[in-house]
**Student:** 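The structure is given below, and queries will be raised subsequently.
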There are 2 protein chains.
Amino acid sequence: MEDTKETDIPDSIRGEFEEKGGIVGIMESLPDDQTIEDIVSVARALSDPVRVRVLFALSVQPMCVCLLVAMTGYAYSKMSYHLSVLKEGGLVCARQEGNYLIYYPTDLGRRVALWIG
Amino acid sequence: MEDTKETDIPDSIRGEFEEKGGIVGIMESLPDDQTIEDIVSVARALSDPVRVRVLFALSVQPMCVCLLVAMTGYAYSKMSYHLSVLKEGGLVCARQEGNYLIYYPTDLGRRVALWIG
DNA sequence: AACCTATTTCAAACTTCTTTGAAACCACAA
DNA sequence: TTGTGGTTTCAAAGAAGTTTGAAATAGGTT
């Protein structure tokens with residue numbers, strides 16, 4: 001005669017835990033998969049110091065890649081890679097001007113830069 | 001008779017660029033290294049969907065590791081690893097209760113969960 | 001057309017992050 | 001003291017992210 005095997009719940013949280021509907025209730029209150037993926041892609045864009053600096057710099061002043069390269073000393077291909085990750089995260093975008101690509105923060109990028117700064 | 005080799009600046013941004021003190025001026029307005037590292041460590045903590053879900057779940061309800069394991073179906077060692085990354089990012093902490101470790105969000109963790117949610 | 005210059009793309013090497021299962025640890029009970 | 005349940009640590013394998021330099025692309029000029 002054995003009970004169904006369930007996880008023990010420590011006394012100090014059992015009450016509030018069950019009020020919240022237990023595991024099922026808590027899982028249902030979590031954001032949906034798409035929202036989670038969006039958060040992760042923004043977080044991933046900010047998870048490297050190069051990219052955080054670039055986002056802040058662009059928030060001060062939109063710039064072409066050559067200026068970012070001059071400012072940081074990194075290779076073009078490296079800067080280009082990091083800009084692409086920031087773009088995937090929806091934090092920056094670019095407009096073409098003649099030969100130049102001028103990168104600048106999106107609205108989201110601006111809000112994020114303000115908030116984390 | 002050659003000029004010192006400097007990066008060309010596209011016309012459309014030269015004005016504002018120089019108003020801001022050029023490369024030097026912009027670099028000086030950037031956050032310091034420690035601030036950047038702090039941002040990166042929070043971002044890194046949020047750069048995996050497992051961890052984002054765990055942070056949200058803990059914001060709903062502090063839980064022991066065994067409940068998180070029951071909720072997600074992950075191995076203890078896996079959950080433990082992700083909790084340690086969240087802890088390094090300063091987003092969660094834990095209190096011991098008997099045999100259990102009850103994880104809960106820090107103030108920063110709560111603010112972040114509210115903001116990204 | 002041929003030629004710059006600014007930028008991206010590619011592939012290979014390298015580094016870091018994540019998963020896995022086994023072993024160790026720690027608080028408590030018998 | 002031995003045992004047990006909850007959790008972390010460890011090492012090895014696997015996956016993903018980053019750096020590098022060379023080659024490709026694309027707009028503008030001669």
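Residue numbers begin at 1 in each chain, while the letters A, B, ... track the order of the sequences.
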**Student:** Which of residues 43-50 of chain B have a heavy atom under 4.0 Å from DNA chain C?
**Tutor:**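 Close to the strand are B:R44, B:D48.
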**Student:** Decide yes or no on salt bridge (Lys or Arg N to Asp or Glu O under 4.0 Å) for B:R95 and B:E97, but give the supporting numbers first.
**Tutor:** CA-CA 7 Å; B:R95 62 174 189 269; B:E97 273 183 26; 2.7 Å; yes
**Student:** What I want to check is whether the side chains of B:D38 and B:S41 have a donor and an acceptor closer together than 3.5 Å.
**Tutor:**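 No, no side-chain donor-acceptor contact under 3.5 Å.
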**Student:** Does B:K20 use its side chain to pair, donor to acceptor, with the backbone of A:V60 at less than 3.5 Å?
**Tutor:**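 Here the side-chain-to-backbone pair exists.
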**Student:** Expected output is a numbered-order residue list: members of residues 77-86 of chain A with a heavy atom under 4.0 Å from any atom of DNA chain D. What is it?
**Tutor:**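 When residues 77-86 of chain A is checked for heavy atoms under 4.0 Å from DNA chain D, the hits, listed by number, are A:S77, A:K78, A:Y81, A:H82.
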**Student:** Using heavy atoms to find the nearest nucleotide of DNA chain D for A:R51 and B:N99 separately, return the residue whose nucleotide is more 5′.
**Tutor:**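 The residue mapped nearer the 5' terminus is B:N99.
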**Student:** Between A:T106 (side chain) and A:G90 (backbone), is there a donor-acceptor pair under 3.5 Å?
**Tutor:** yes
**Student:** Roughly, in whole Å, what's the span from OH in B:Y76 to P in D:dG5?
**Tutor:**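 Roughly 11 Å, once rounded to whole Å.
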**Student:** Establish, with yes or no, whether the OP1 or OP2 oxygen of D:dT8 is under 4.0 angstrom from a side-chain nitrogen or oxygen of B:Y103.
**Tutor:** yes
**Student:** Do B:R51 and B:R44 pass the side-chain contact (heavy atoms from CB on, under 4.5 Å) test, and can you show the C-alpha distance, the side-chain angles, and the key distance before you say yes or no?
**Tutor:** CA-CA 10 Å; B:R51 293 192 289 265; B:R44 182 165 129 37; 4.1 Å; yes
**Student:** For a 4.5 angstrom cut-off between non-hydrogen side-chain atoms, does A:L108 reach A:V42?
**Tutor:** yes
**Student:** Return the angle between end axes of the helix from C:dA1-D:dT30 to C:dA30-D:dT1, with five pairs used per end and rounding to 10°.
**Tutor:**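 Helix axis angle between the two ends: 10°.
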